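Remarks on the structure that follows.
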Amino acid sequence: MLFAVSLPVFGTRSRQPARVEASEPPTPGIRSMPIDPAAIRHAGGNCYNVDLPLSAFGPGEVPAGEVAGSVVENGRLLGPPAQLHDLIRLRGGGRYSLWNDSVSNAVTLFFSTTDNSDPRTNGRSYGVINQPLQFANDWNHWLERSWRNHSRGAYFLRRGGQVVAPPLYASLGITDICNLKCGICGSQNMLTPVNRRHMDIGIFRKVADTLFPLLVTVELNSRGEPMIHPQFTEMQEIMLDYDIFTRYQTNGTQFVARKLALLAKTRGDVSISIDATGDLFEYARTGGKWEQVDQGTRNLMKVRDPQRLGVGLYPTLTAKTIEGAAALIDWAVEIGVDRIDFHVYEPIEAGVEQAPSQQQLDALKQYAARVDARHPIQIAVEFEIVKPGQLPPVDRPLQMRYENIPRPLGAASAHPEYTCMAPMQNVEIDLDGCVCVCCRTQDRKLGNAMSVEAFADCWFGAEYEAIRASLRRDSLTPPVIDTCRGCVKHYTAGSGIVEFGS
């Protein structure tokens with residue numbers, strides 16, 4: 001966990017790269033010392049070291065052994081401190097130690113970077129502060145500070161919060177009912193009958209009371225159309241009360257006055273499933289009216305505060321809808337949408353649509369790349385950014401350093417120790433308030449989040465712990481949940497990690 005700090009400037013001497021200067025006079029008070037990458041040495045594994053002026057750590061004699069101080073990476077505190085040097089080499093992850101060797105008469109910093117990259121070449125800046133900064137010397141209690149955001153934080157800590165961090169992200173399925181019947185939607189075209197319903201507002205309130213004080217982000221997912229829930233505006237008010245970053249997935253048919261007024265106050269992102277314009281939209285989104293969606297989205301763009309709310313499109317590309325993709329880009333540019341993330345249709349049960357051809361995808365990429373580079377819109381096709389843009393400065397959470405899907409080691413957003421981070425930082429909440437690991441494992445209920453006690457039973461329970469352990473990169477056994485096997489294989493194929501047969 002990282003904490004942003006503002007580093008003061010302590011005169012011209014503090015701007016010089018940190019090196020050993022035995023003759024330097026003692027410097028009282030706080031001192032900030034930038035580290036010259038050229039002075040850093042590799043000390044094995046994930047560990048690097050650099051010598052620092054002994055005099056910077058106090059006017060008198062500095063005792064041998066561990067020295068108190070803080071280390072920053074790009075202005076953010078690293079930690080935990082006072083770590084065994086072998087553990088820094090083995091685990092890295094920002095661990096460090098400031099050590100005074102009486103023989104060499106120098107303080108040496110043994111440290112690792114947040115992602116275990118090489119600090120000499122990763123382009124980041126590093127520095128040392130000659131004393132603990134605020135709570136930086138209290139790293140053993142960073143979990144406590146996180147759980148203490150909750151009014152029942154002490155209870156969570158007694159149950160296991162000293163070892164397991166709270167979740168950061170929750171995906172809530174508040175309804176599996178939709179006002180449209182789209183041929184491309186797997187959740188609305190299931191061969192097995194489904195008892196479709198809305199989440200009871202009482203369950204939502206209980207889940208909010210239990211989880212929202214702990215979370216960074218809540219997503220209202222798209223198993224149905226969340227904005228048709230009868231108490232949707234009440235749910236919006238609750239999320240505004242917690243000032244929680246909210247992600248909305250919506251088909252764009254429900255942008256009416258009251259909901260728009262609350263969206264305008266929201267800190268978050270809106271992702272709208274619009275695949276084409278005009279008649280082609282109405283073909284893809286059966287029951288939808290293009291005129292209504294067009295006007296509603298324009299109204300949203302007028303009332304939203306770009307400092308707080310991002311707006312993007314999430315079109316599904318079929319062999320048919322891709323014919324209207326160019327017109328969709330032109331429309332999005334006209335009304336000022338921030339981004340478009342095109343993704344390719346995957347066949348569903350009893351589906352009749354086909355995925356687009358590679359030739360169609362290549363033509364779309366070429367068209368998107370020709371959009372005026374000065375326009376701020378960003379366009380991606382199958383996760384590849386084909387038209388870079390300048391997204392609005394929405395205050396998005398920084399804590400989500402790792403994705404909630406399996407990632408091969410060394411890939412962007414990959415955790416160094418876990419193949420998948422979902423069991424550590426994500427909770428999936430169904431209509432009954434039950435907890436699952438993610439959207440792909442909803443048949444495995446691990447407990448519920450309708451009370452602090454029930455969630456603690458679940459989050460700190462043996463089943464969750466077994467799931468986490470089985471997704472470690474050094475695990476010698478397959479993932480506990482069978483669904484995870486195929487998911488890990490799909491997302492990490494060819495990465496060199498162990499792939500369990502599905």
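Quick caveat: nothing in here was measured; it's all calculated off a predicted structure. Values reported hereafter were calculated over all heavy atoms of this structure, with side chains retained and with hydrogens, waters and symmetry mates removed.
- Across every non-hydrogen atom of Ala319 and Gln360, the tightest pair is O-NE2, 3.2 Å.
- Scanning for side-chain hydrogen bond (donor to acceptor under 3.5 Å, both in side chains) contacts around Arg444 gives Glu463, with sequence neighbours left out.
- Lys387 places a side-chain N or O within 3.5 Å of a backbone atom of Ile377 that can act as its donor or acceptor partner.
- Between the side chain of Arg407 and the backbone N or O of His415 there is no donor-acceptor pair closer than 3.5 Å.
- Sorted by first and then second residue, the salt bridge (Lys or Arg N to Asp or Glu O under 4.0 Å) pairs involving residues 155-172 (not counting sequence neighbours) are Arg159-Asp457.
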Distance-only donor-acceptor hits, side chain of residues 426-433, under 3.5 Å, sequence neighbours excluded:
| from | atom 1 | to | atom 2 | distance (Å) |
| --- | --- | --- | --- | --- |
| Asn426 | ND2 | Val437 | O | 2.6 |
| Glu428 | OE1 | Cys439 | N | 3.4 |
| Glu428 | OE2 | Asn221 | ND2 | 3.2 |
| Glu428 | OE2 | Gln442 | NE2 | 3.0 |
| Asp430 | OD1 | Asp432 | N | 2.9 |
| Asp430 | OD1 | Gly433 | N | 3.2 |
| Asp430 | OD1 | Cys434 | N | 2.8 |
| Asp430 | OD2 | Lys445 | NZ | 2.8 |
| Asp432 | OD1 | Arg197 | NH1 | 3.0 |
| Asp432 | OD1 | Arg197 | NH2 | 3.4 |
| Asp432 | OD2 | Arg197 | NH2 | 3.0 |

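- Of all heavy-atom pairs between Ser112 and Leu78, the closest is O-CD1, 3.6 Å.
- The closest donor-acceptor contact from the side chain of Asn116 to the backbone of Gly93 lies under 3.5 Å.
- For the pair His343 (side chain) and Pro315 (backbone), a donor-acceptor distance under 3.5 Å is present.
- In terms of the side-chain hydrogen bond (donor to acceptor under 3.5 Å, both in side chains) criterion, Arg267 has no residue partners (sequence neighbours excluded).
- The two residues Pro226 and Gly224 come nearest to each other via the heavy atoms CD-O, 3.2 Å.
- Sequence neighbours left out, the pairs with a member in residues 428-456 that pass ring-ring contact (aromatic ring centres under 6.0 Å, His included) are Phe455-Trp459.
- Checked against side-chain hydrogen bond (donor to acceptor under 3.5 Å, both in side chains), Glu382 has no partners two or more places apart in sequence or in another chain.
- The side-chain hydrogen bond (donor to acceptor under 3.5 Å, both in side chains) check on Thr108 picks up Asp51, with sequence neighbours excluded.
- When every heavy atom of Ser97 is checked against every heavy atom of Ile88, the shortest pair comes out as N-CD1, 3.8 Å.
- Not counting sequence neighbours, Ala469 has no partner by the side chain to side chain contact (heavy atoms under 4.5 Å, CB included) test.
- The backbone N or O of Gly65 lies less than 3.5 Å from no partner atom in the side chain of Asn100, so there is not a single donor-acceptor pair.
- Residues Ala368 and Ile379 approach most closely at CB-CG2, 3.9 Å, considering heavy atoms.
- Applying the salt bridge (Lys or Arg N to Asp or Glu O under 4.0 Å) test to residues at least two apart or on different chains, the pairs with a partner in residues 122-132 are Glu73-Arg124, Asp115-Arg124.
- With hydrogens and angles ignored, the 3.5 Å screen pairs a side-chain donor or acceptor of Glu66 with a backbone N or O of Leu98.
- The backbone N or O of Asp176 lies less than 3.5 Å from a partner atom in the side chain of Arg196, making a donor-acceptor pair.
- Across Val452 and Thr210, no two heavy atoms sit closer than the pair N-OG1, 3.9 Å.
- For the pair Asp338 (side chain) and Val311 (backbone), a donor-acceptor distance under 3.5 Å is present.
- Listed by first and then second residue, the ring-ring contact (aromatic ring centres under 6.0 Å, His included) pairs that reach into residues 466-486 come to none, sequence neighbours excluded.
- Taking the salt bridge (charged side-chain N to carboxylate O under 4.0 Å, His left out) definition, one finds that Asp474 meets it with Arg472, sequence neighbours left out.
- Remark: the backbone N or O of Thr175 is not paired with any side-chain donor or acceptor of His229 at under 3.5 angstrom.
- Note on ring orientation: taking the six-membered ring where Trp is involved, the planes of Phe156 and His150 are perpendicular (angle over 60°, cut-offs 30° and 60°).
- Residues passing the side chain to side chain contact (heavy atoms under 4.5 Å, CB included) test with Leu84 are Leu87, sequence neighbours excluded.
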Audit row: Asp209, Lys206, salt bridge (Lys or Arg N to Asp or Glu O under 4.0 Å) steps and yes/no: CA-CA 5 Å; Asp209 289 344; Lys206 290 178 180 178; over 6 Å; no
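- The aromatic rings of Tyr48 and Phe111 sit tilted, their planes meeting at an angle between 30° and 60°.
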